[in-house]
Amino acid sequence: MPSTLAVPHIGRRTARRAARSSAVRAAARGGFAARGVIYVLVGVLALRIAFGDPGEQADRGGALAEIAARPFGGVLIWALGLGLAGMALWRLSEAVFGAAGPDGHKAGTRLLSLVRCVFYAVVSFSVLSFAAGKKGSGSGASDQQSRDATAMALELPGGPWLVAAAGVGIAVAGVWTAVRAILHTFHKHLDRSGMSRSARRGVDVLGVSGGIARGGVFTLAGVYVVKAAVTYDPGRAKGMDDTLRSFAHTPAGPWLLAAIAAGLALFGAFSCAMARWRNV
C-alpha cells in the first residue's frame with residue numbers, strides 16, 4: 001500500500017500522463033483545425049469587402065453567421081466550439097506541466113500558455129453560446145465589443161493609461177507575431193521529419209504570409225486602441241472588422257485589404273497544417 005506521502009506524487013504523475021495522452025493531443029489538433037476554419041472564413045469575408053460587398057462582417061461573428069446559413073451549419077459550429085475548447089485544455093496542460101520542446105518548462109513559456117488558455121476558453125464559450133442559440137454572444141460585432149470594452153476601461157481610475165498600455169501590448173504582439181513568422185520560428189514546433197519537401201515549402205509559405213497578415217491586423221488594431229486612450233474616445237477603438245476595412249482607406253486602396261484578407265485565409269490554412277504536423 002503506498003504511503004501517505006506517495007499519494008500526492010502518484011496523483012501528479014497520473015495527471016501528467018493524462019496531459020500527455022492521445023486524447024489531449026487530439027484535442028489540440030482539433031483546436032488548430034477549428035482556428036483554421038474560422039480564419040479562412042474571415043479571410044474570405046474580407047476579400048468580399050475588398051471587391052465591393054460592404055455588407056459582410058469580417059470577424060468571428062461574421063464567420064459563424066456564414067456557417068450557420070449553410071446546411072448542417074449548426075453541427076459544424078458545435079464542432080468548432082468544442083475544438084477551441086480542446087485548444088484551451090491543451091494550453092492549460094502546457095501551463096501546468098510544461099510544453100513540448102527544450103524551452104517548454106520555462107516560466108515565461110508556461111505563463112504564455114496560461115494566457116492562451118484563457119483566450120481560447122473565452123472564444124470557445126462565445127462560439128458554443130452561439131451554437132446554443134445565444135446569437136448575441138458568438139456573433140456580436142467585434143467593433144461594438146471593442147468600443148464597449150474600451151469605454152468601460154476608460155472609466156476606471158487611470159483608465160486612459162490602462163487602455164493605452166493595452167493598445168501598446170496589442171501592437172507589440174502584432175509586430176512580434178509578424179517577426180516570428182518572418183524568422184520561421186514555427187519550425188521548432190513542427191515535425192518536419194515527417195513532411196515531404198513540397199509540404200515543408202508549402203507550410204513555410206502559409207506560415208510566413210499568414211503570420212505577417214495576422215500580425216499586421218493586430219498591430220493596426222493596437223494603434224487604434226492607443227488613439228482611443230489619447231483622445232478619450234472609445235469610438236476610436238476598432239475590432240477586427242473595422243480594422244480590416246481601414247486597410248482599404250490607405251493609398252493602396254482595396255488592394256491592400258485584399259492582400260491582408262488573402263493572408264488571413266492563408267493563416268487559416270497554416271493552422272490546419274499545424275493540426276497535422278505540430279508537435280503536441
Side-chain angles (χ1 to χ4, degrees), residues 25-51 53 56-67 70 72-73 76-77 79-84 86-87 90-91 116 119-120 123-124 127 142 173-174 176-219 221 240-241 243-244 247 255-280:
R25 290 197 296 271
R29 299 192 189 283
F32 279 111
R35 185 182 72 176
V37 169
I38 291 174
Y39 265 98
V40 167
L41 288 174
V42 170
V44 170
L45 293 172
L47 278 173
R48 292 181 184 175
I49 293 173
F51 292 117
D53 189 352
E56 301 288 352
Q57 182 181 318
D59 54 18
R60 185 175 66 248
L64 295 179
E66 184 76 10
I67 295 171
R70 307 297 176 183
F72 304 104
L76 179 55
I77 293 173
L80 292 176
L82 293 174
L84 293 168
M87 176 75 89
W90 172 58
R91 291 300 189 183
R116 287 168 170 165
F119 172 77
Y120 283 110
V123 174
S124 170
V127 174
S142 59
W176 179 70
T177 297
V179 170
R180 282 170 56 87
I182 293 170
L183 296 177
H184 296 76
T185 58
F186 53 83
H187 279 181
K188 64 183 180 181
H189 298 302
L190 289 170
D191 179 17
R192 289 171 60 83
S193 63
M195 301 168 65
S196 66
R197 179 178 299 181
S198 60
R200 289 196 296 268
R201 290 176 178 172
V203 170
D204 282 352
V205 171
L206 297 176
V208 173
S209 56
I212 291 173
R214 186 174 180 238
V217 173
F218 286 161
T219 301
M240 177 170 279
D241 181 63
T243 300
L244 285 169
F247 285 105
W255 292 107
L256 179 57
L257 172 56
I260 295 294
L264 292 179
L266 291 176
F267 180 78
F270 173 72
S271 291
C272 292
M274 294 288 272
R276 170 64 179 83
W277 286 298
R278 197 191 197 281
N279 291 315
V280 295

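Here the structure is a predicted model, which means the values were calculated and not measured.
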- Message: Would Phe186 and Val208 count as a side chain to side chain contact (heavy atoms under 4.5 Å, CB included) here? Give the steps.
- Response: CA-CA 9 Å; Phe186 53 83; Val208 173; 4.3 Å; yes
- Task: Could you walk me through whether Leu190 and Met274 pass the side chain to side chain contact (heavy atoms under 4.5 Å, CB included) test, one step at a time?
- Result: CA-CA 7 Å; Leu190 289 170; Met274 294 288 272; 3.5 Å; yes
- Task: Apply side chain to side chain contact (heavy atoms under 4.5 Å, CB included) to the pair Met240 and Arg60, showing each step before the final yes or no.
- Result: CA-CA 9 Å; Met240 177 170 279; Arg60 185 175 66 248; over 6 Å; no
- Determine, step by step, whether Arg25 and Trp90 satisfy the side chain to side chain contact (heavy atoms under 4.5 Å, CB included) criterion, reporting the C-alpha distance in whole Å, the side-chain angles of both residues, the deciding distance to 0.1 Å, and the verdict. CA-CA 7 Å; Arg25 290 197 296 271; Trp90 172 58; over 6 Å; no
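Note that OG of Ser193 is 8.0 Å distant from CG of Asn279, once rounded to the nearest 0.5 Å. The CG atom of Leu206 lies 10.5 Å from the CZ atom of Phe267; values are rounded to the nearest 0.5 Å. Expressed to the nearest 0.5 Å, how far CZ of Arg214 lies from CD1 of Ile212 amounts to 13.5 Å. Here the CG-CG distance, from Leu80 to Leu76, works out to 4.5 Å after rounding to the nearest 0.5 Å. To the nearest 0.5 Å, atoms CH2 (Trp277) and CZ (Phe32) are separated by 14.0 Å.
In this structure, Arg200 places its CZ atom where more than 12 heavy-atom neighbours from other residues, nucleotides or ligands lie under 6.0 Å away.
Annotation for Arg276 and Arg29: closest pair O-NH1, 3.6 Å, computed over non-hydrogen atoms. What you find for Ala273 and Val203 is that their closest heavy atoms are CB-CG2, 4.0 Å. Of all heavy-atom pairs between Leu244 and Val42, the closest is CD1-CG1, 4.3 Å. Across all non-hydrogen atoms, the minimal contact from Leu47 to Ala258 is CD2-O, 3.5 Å. Of all heavy-atom pairs spanning Ala181 and Gly211, the tightest one is CB-CA, 3.7 Å. Annotation for Leu64 and Ile77: closest pair O-CD1, 3.6 Å, computed over non-hydrogen atoms.
A donor-acceptor pair shorter than 3.5 Å cannot be found between the side chains of Asp241 and Thr243. No hydrogens or angles considered: a donor-acceptor pair under 3.5 Å links the side chains of Arg35 and Ser271.
For the pair Phe247/Val217, a side-chain contact is recorded, criterion being any heavy-atom separation below 4.5 Å from C-beta on. Within the 4.5 Å cutoff, no side-chain heavy atoms of Leu45 are placed close to those of Ile49.
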